[in-house]
Amino acid sequence: AGPGDTGLITVKGLHCIQSADVIVHDRLVNPELIAQAPDHCEIINVGKEYDHHPIPQAEINQILVRQAQAGKQVVRLKGGDPYVFGRGGEEAEVLVQHGIKFEIVPGISSAIGGLAYAGIPVTHRHYASGFHVVTGHTSQGNEQQNWQRLAQLEGTLIILMGMTRLAEICQQLVQYGKSPATPAAVIMHASHPKQESVTGTLETLALKAEERDLHAPALIVIGDVVNLATTLSFSPTWEKVS
Ligand code: SAH
């Protein structure tokens, strides 16, 4: 579905929606895209709401398999790119196990495209010759993110799903050697009309984001490219999909 701005869906993604019998979608998907489905299309929301119990992954897998086995053209609609922290890979594996034919339609990930809408180029010849995208939230039982190693990296660091630990992440990166003056930003609802962002440094970002009440879904961006945010900010033209 892309990161938010409906115009950022791909031509292929839009055609899939327009020919779907069933759409199984997440919370992050812009409702204007779902509205493009044909009248007969069944819409199933498997999105995780705050304060509600998420639908277990096994149940989502079952829905996909059941609908496909009933002969339906099923669209699994996810925010951003389906293979960037979207469990798209896990779901596709289940389809393979059940012999269900599928196609992956890549999308514009918030982890790259979302930064642009806040005026931040993910790389820049003078400021960042590479970037890393990591999750701030590792699943239970898994190893924690290795902030010591991440603190040593050059280039732009982009953290998804990190907002509940923003203060801790900034503090750890400084503890392991990044300068407290390293530019950093939070972008909430990137590329959506309700986008809000704040820039600061590793030292000031957590407090600034809290003061502005910024929360998930949001991107944390760390690196010198953040300094371009004001210069390169722009007003998007919102494209109507049809
Ligand atoms: N597949 C998605 C990422 C899913 S993980 C993609 O490629 O963009 C969910 C996390 O992605 C959120 O917690 C948030 O950190 C980030 N995210 C997704 N869409 C976002 C948006 N429009 N603005 C800011 N962050 C977003």
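Small disclaimer: the values here were computed from a predicted structure and weren't measured. Both counts, for ligands and for their atoms, begin at 1 and track the order of listing.
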Checklist outcome for this item: Heavy-atom proximity to atom 11 (O) of ligand 1, picking from Asp81, Leu160, Leu219, Leu214, points to Leu160
Checklist entry - Which is it for Ile187 and ligand 1 at heavy atoms under 4.0 Å: side chain, backbone, both or neither? => result backbone
Checklist outcome for this item: In this structure, atom 13 (O) of ligand 1 is nearest to the protein heavy atom Met161 CG, 3.3 Å
Checklist entry - Okay, side chain of Gln36, backbone of Val241: is any donor-acceptor separation there less than 3.5 Å? => result yes
Checklist entry - Which atoms of ligand 1 are found less than 4.0 Å from any heavy atom of Val84? => result 1 (N), 2 (C), 3 (C), 4 (C), 7 (O)
Checklist entry - Quick one: does Thr135's side chain have a donor or acceptor within less than 3.5 Å of a partner on Met161's backbone? => result no
Checklist outcome for this item: Any heavy atom of Met163 under 4.0 Å from ligand 1? The part involved is neither
Checklist outcome for this item: Closest to atom 4 (C) of ligand 1 (heavy atoms only, candidates Tyr117, Phe85, Tyr83) is Phe85
Checklist entry - N/O of Gly86 under 3.5 Å from N/O of ligand 1, yes or no? => result no
Item to check | Shortest non-hydrogen separation from Ala37 to Ile23 and the atoms involved | outcome: CB-CD1, 3.6 Å
Next on the checklist: If you measure every N or O of Ile108 against every N or O of ligand 1, does any of those distances drop under 3.5 Å?
Outcome noted: no
Item to check | Close approach, Ala218 and ligand 1, non-hydrogen under 4.0 angstrom | outcome: yes
Next on the checklist: Quick check against the 3.5 Å criterion: does Lys208 have a side-chain atom that pairs as donor or acceptor with the backbone of Val198?
Outcome noted: no
Checklist outcome for this item: Exactly one of Ile44, Val65, Val24 clears side chain to side chain contact (heavy atoms under 4.5 Å, CB included) with Val74, and that residue is Val24
Checklist outcome for this item: Filtering Gly2, Ala111, Pro106, Ser110 for the heavy atom nearest atom 18 (C) of ligand 1 leaves Ser110
Item to check | Close approach of Ala216 to ligand 1, heavy atoms, under 4.0 angstrom | outcome: no
Checklist entry - Under 3.5 Å, is there a donor-acceptor pair between the side chain of Ser19 and the main chain of His15? => result yes
Item to check | Between Thr204 and Thr201, a side-chain donor and acceptor under 3.5 Å | outcome: yes
Item to check | salt bridge (Lys or Arg N to Asp or Glu O under 4.0 Å) between Lys178 and Glu203, intermediate numbers included | outcome: CA-CA 10 Å; Lys178 275 221 178 291; Glu203 193 167 28; over 6 Å; no
Item to check | Non-hydrogen atom of His189 closer than 4.0 Å to ligand 1 | outcome: yes
Checklist entry - What is the closest protein heavy atom to atom 22 (N) of ligand 1, and at what distance does it sit? => result Pro3 O, 2.8 Å
Checklist entry - What is the nearest protein non-hydrogen atom to atom 2 (C) of ligand 1, stated with its residue, atom name and distance? => result Gly79 O, 3.2 Å
Checklist entry - Is a donor on one side and an acceptor on the other found under 3.5 Å between the side chain of Arg212 and the backbone of Ser197? => result yes
Item to check | Contact partition for Ala190 relative to ligand 1, non-hydrogen atoms under 4.0 Å | outcome: both
Checklist entry - Regarding Asp5 and His192, is there a side-chain donor-to-acceptor distance under 3.5 Å anywhere? => result no
Checklist entry - Only one of Leu115, Leu157, Ile112, Leu153 clears side chain to side chain contact (heavy atoms under 4.5 Å, CB included) with Phe131; which? => result Ile112
Checklist entry - Among Gly4, Gly80, Gly136, whose heavy atom sits nearest atom 6 (C) of ligand 1? => result Gly80
Checklist entry - Does Lys78 reach ligand 1, in the sense of a heavy atom lying below 4.0 Å from it? => result no
